Amino acid sequence: MLGLFTFIIVFGILVVVHEFGHFYFAKKSGILVREFAIGMGPKVFSHVDQAGTLYTIRILPLGGYVRMAGWGDDKTEIKIGTPASLTLNDKGQVKRINLSKGKLDPTSLPMNVTAYDLEDKLFITGLVIDETKTYPVDHDATIVEEDGTEIRIAPQDVQYQNASIWGRLITNFAGPMNNFILGIFVFVILVFMQGGTIDYSSNHITVVDNGPAAKAGIKTNDQILKVGSHKVDNWQDIISALSETTKDQKTNQAIPFLINSKGQEKTVNLKPKKENGSYVIGIHAPLKTGILDKIFGGFQMAANGALIIVVALKNLITGFSLDKLGGPVAMYQMSNQAAKNGLESVLNLMAMLSINLGIFNLIPIPALDGGKIMINIIEAIRRKPLKQETETYVTLAGVAIMLVLMIAVTWNDIMRAFF
């Protein structure tokens with residue numbers, strides 16, 4: 001149960017933060033955001049702001065989404081013959097189109113819709129008591145969808161396609177950007193929780209209680225100057241020297257360590273302990289504990305994590321295998337394991353997944369943000385937009401590829417986990 005709860009929280013935060021990036025910069029770019037939802041399924045709470053954006057909390061805590069006018073598959077479609085209730089304003093314009101059976105306005109006008117245009121000419125036509133009538137639709141009118149969700153209509157001037165090229169580009173990039181920011185932020189928190197960031201440039205050490213080094217009399221903050229015959233100046237030198245000294249060791253032999261302890265040099269004979277095929281001596285690299293060191297350490301952890309992901313992505317491209325990919329099932333397994341290991345493990349997982357989500361979404365596949373950014377760049381070079389039909393077909397092809405890949409990855413995860 002704890003693993004499931006961790007999965008829901010981690011996945012939800014990653015998706016909501018990602019979608020908030022799109023939401024914020026869409027609004028800044030003049031694009032109408034029709035809905036910002038947290039969760040999926042039936043809504044349990046809703047609020048409309050002055051700009052006409054509907055904020056909803058939905059019953060299934062599985063991420064969230066943003067509905068931007070003219071973005072993706074966000075369309076308002078009314079089937080011919082659909083019964084609707086129209087609410088008019090003082091100018092005789094339609095200010096509300098109700099397609100649901102609820103939220104009825106007692107002053108509304110019943111109509112069976114025969115024609116409409118809610119993007120360009122802004123009108124709606126239909127049968128009102130066996131007489132065909134046409135009404136102008138207000139630019140800021142709302143429409144109540146069949147499930148009871150009330151959102152703004154989307155005239156052309158507030159649609160995604162009519163924003164500036166730079167507005168569209170930053171709107172598409174903002175989702176991955178938010179994931180990078182979240183990853184860095186969580187890594188910084190993690191460094192503060194750990195008390196500092198590892199200092200690989202120093203040959204000072206932190207000693208593990210009851211380990212070989214502690215039993216030999218070595219103390220935290222002592223400085224290792226030599227391991228056997230190898231001089232050392234930093235943490236990597238210590239690791240390399242220990243590996244070199246013990247590689248041919250067949251018995252539990254003592255190794256001389258030259259130590260600087262509080263300004264005094266001394267030689268300590270230390271017997272390494274063999275664990276999982278390698279020798280350990282019970283020490284850790286020291287920590288940098290300054291505030292700036294901790295902040296920089298968080299950025300450094302994020303950069304290292306991003307590098308690992310990019311290398312893995314490159315290996316995936318050069319040698320594709322479903323076993324190198326993971327879907328929701330794999331993510332649940334990782335969340336479950338992280339929950340067992342404690343809060344720090346959960347935060348580390350969240351940060352890595354956030355950066356992974358940001359990088360993955362920048363892959364130039366049409367269904368992903370990277371694909372949309374690629375289209376924006378092409379439009380900037382051509383200095384004119386692609387035909388909307390062309391963009392739609394390209395996007396649908398990308399969606400089909402991603403859907404097939406997701407099904408294959410999920411099936412592969414299930415087979416690995418249970419069979």
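All residue numbers in this chain count up from 1 along the given sequence. All values derive from a computational prediction rather than experimental measurement. When reading the values below, keep in mind they use all heavy atoms of this one structure, side chains included, and skip hydrogens, waters and symmetry mates.
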On a heavy-atom basis, the closest approach of Tyr160 and Asn376 is OH-ND2, 3.5 Å
State whether the number of non-hydrogen atoms from other residues, nucleotides or ligands found under 6.0 Å of Phe192 atom CZ is greater than 12.
yes
Determine whether the side chains of Ser261 and Asp222 contain a donor N or O and an acceptor N or O closer than 3.5 Å.
yes
Please find the pair of heavy atoms, one from Leu313 and one from Ile359, that lie closest to each other, and give the distance.
CD2-CG2, 4.3 Å
Please find the pair of heavy atoms, one from Thr289 and one from Gly195, that lie closest to each other, and give the distance.
CG2-O, 3.3 Å
Could you check whether the rings of Phe23 and Phe36 sit parallel, tilted or perpendicular, using 30° and 60° as the cut-offs?
tilted
Within the 3.5 Å criterion, strictly below it, is a donor on Asn112 or Thr114 matched to an acceptor on the partner's side chain?
no
Do other residues, nucleotides or ligands put more than 12 heavy atoms under 6.0 Å from the CZ atom of Phe296?
no
Which atoms form the tightest heavy-atom contact between Val227 and Ala241, and what is the distance?
CB-CB, 3.8 Å
Under 6.0 Å from the CD1 atom of Ile291, do we count more than 12 heavy atoms belonging to anything else shown?
no
One pair to check against side-chain contact (heavy atoms from CB on, under 4.5 Å): Thr206 and Leu287. What are the steps and the verdict?
CA-CA 8 Å; Thr206 299; Leu287 297 178; 5.6 Å; no
How are the rings of His18 and His22 set relative to one another: parallel (under 30°), tilted (30 to 60°) or perpendicular (over 60°)?
perpendicular
Using a strict threshold of under 4.0 Å (side-chain N to carboxylate O), is an ion pair present between Glu146 and Lys79?
no
Closer than 4.0 angstrom, basic N to acidic O: yes or no for Lys43 and Glu145?
no
